[in-house]
Amino acid sequence: MGHLDHAALGWLTPVLSYVMACIGAALGLRCTMRALGATGRSRRNWLITAASAIGTGIWTMHFVAMLGFSVSGTDIRYDVPLTIVSLLVAMLVVCAGVFAVGYSRDRARALFLGGLTTGLGVASMHYLGMAAVRLHGQVHYDPVLVGLSVLIAVVAATAALWAALNIKSPVAVTIASLIMGAAVSSMHYTGMFAVSVRVTPSGAALPGATAMQFIFPLAVGLGSYLFLTSAFVALSPSTGEREASASAQRPVESAAAH
């Protein structure tokens, strides 16, 4: 059996991956809150932004953490198409969950279905990402820990959608984001502790790209997207702020007319 190291680069990858999960959760919650206060095309656009933020944050968290993953006795490569599919799955399933909550009139039913769909999608993203790993040997999973990781993903997704519906204040959003980041990280490392590898020594070249060739540049790009989108959301006035501004302008316009 190969020795697995989940933090080959020290605390850097666990901490950075947690930060990315928190940023994605915070941005997703803020965008969902904006969507619930909007209508028409504006609501749809905010929900799409929320889904892309949460999906990107979860995927980036996973693969930043994977930068610290190593197995003694073998190199590791990643199947590029399958890795990209895992990113698309993350975004699509989160989008389905967010839209279910954003447009459904039965909030309880939407929360259940949205949380279940999103949680299963997040777990699928994780295990698709693991299926993209190429190494000299065979990967095995502990079914109990796999089941626990899926359960954590469903509970975390449901909690995130509930927070989007019920939390309004910036402080509460921050606290919820920290909790969500911890839940997503817990799901990831629970899934990783389910892994064992039976190494088969070989001098043959592995297919795919190294983490630094592909995963790192893509994670940096998606992380930049999260930071830029966060800045846009922070600077964009909310529905309440726009209404307050419009109300303040009306008396001025009336006075000018007289």
Side-chain angles (χ1 to χ4, degrees), residues 15-62 64 87 90-104 107 110-111 113-115 117-119 121-122 125 153-187 219-246:
V15 171
L16 186 56
S17 63
Y18 171 68
V19 169
M20 298 310 299
C22 290
I23 292 173
L27 183 55
L29 290 177
R30 291 291 296 170
C31 290
T32 305
M33 287 167 56
R34 296 289 183 91
L36 295 175
T39 57
R41 184 180 299 177
S42 179
R43 171 173 287 197
R44 182 200 65 192
N45 291 342
W46 278 118
L47 288 174
I48 291 173
T49 305
S52 67
I54 296 172
T56 297
I58 292 169
W59 188 94
T60 306
M61 177 273 144
H62 172 81
V64 167
L87 172 60
M91 290 190 174
L92 288 174
V93 296
V94 172
C95 191
V98 168
F99 268 75
V101 169
Y103 282 102
S104 177
R107 291 290 175 85
L111 190 60
L113 293 177
T117 301
T118 304
V122 169
M125 179 281 300
V154 172
V155 172
T158 304
L161 294 175
W162 178 90
L165 288 172
N166 295 282
I167 291 177
K168 305 300 180 185
S169 74
V171 173
V173 168
T174 300
I175 294 173
S177 302
L178 294 175
I179 295 172
M180 287 309 307
V184 171
S185 295
S186 297
M187 178 267 159
V220 169
L222 293 174
S224 300
Y225 163 76
L226 285 177
F227 281 108
L228 291 173
T229 308
S230 298
F232 167 77
V233 172
L235 295 173
S236 176
S238 65
T239 302
E241 291 169 343
R242 286 196 298 269
E243 290 175 351
S245 176

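Along the sequence shown, the residues carry numbers beginning at 1.
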For a quick test of reading the model, state the closest non-hydrogen atom pair linking [X] to [Y] and the distance between them.
| X | Y | value |
| --- | --- | --- |
| G119 | A157 | N-CB, 3.5 Å |
| A100 | A110 | O-CB, 3.4 Å |
| G57 | L226 | CA-CD1, 3.9 Å |
| A163 | A176 | CB-CB, 4.3 Å |
| A156 | A183 | CB-CB, 3.6 Å |
| A25 | M180 | CB-CB, 3.8 Å |

Any donor-acceptor pair under 3.5 Å from S52 side chain to T49 backbone: yes
Between the side chain of Y225 and the main-chain N/O of A53, is any donor-acceptor distance below 3.5 Å? no
Could you measure the distance from the [atom1] atom of [X] to the [atom2] atom of [Y]? Nearest 0.5 Å is fine.
| X | Y | atom1 | atom2 | result |
| --- | --- | --- | --- | --- |
| L161 | T117 | CG | OG1 | 9.5 Å |
| T56 | L27 | OG1 | CG | 9.0 Å |
| S177 | I23 | OG | CD1 | 10.0 Å |
| L47 | F99 | CG | CZ | 5.0 Å |
| M33 | W46 | CE | CH2 | 11.0 Å |

For [X], all residues meeting side-chain contact (heavy atoms from CB on, under 4.5 Å), sequence neighbours excluded:
| X | answer |
| --- | --- |
| L92 | none |
| V184 | A21, I58, M61 |
| L87 | W59, M91, L222 |

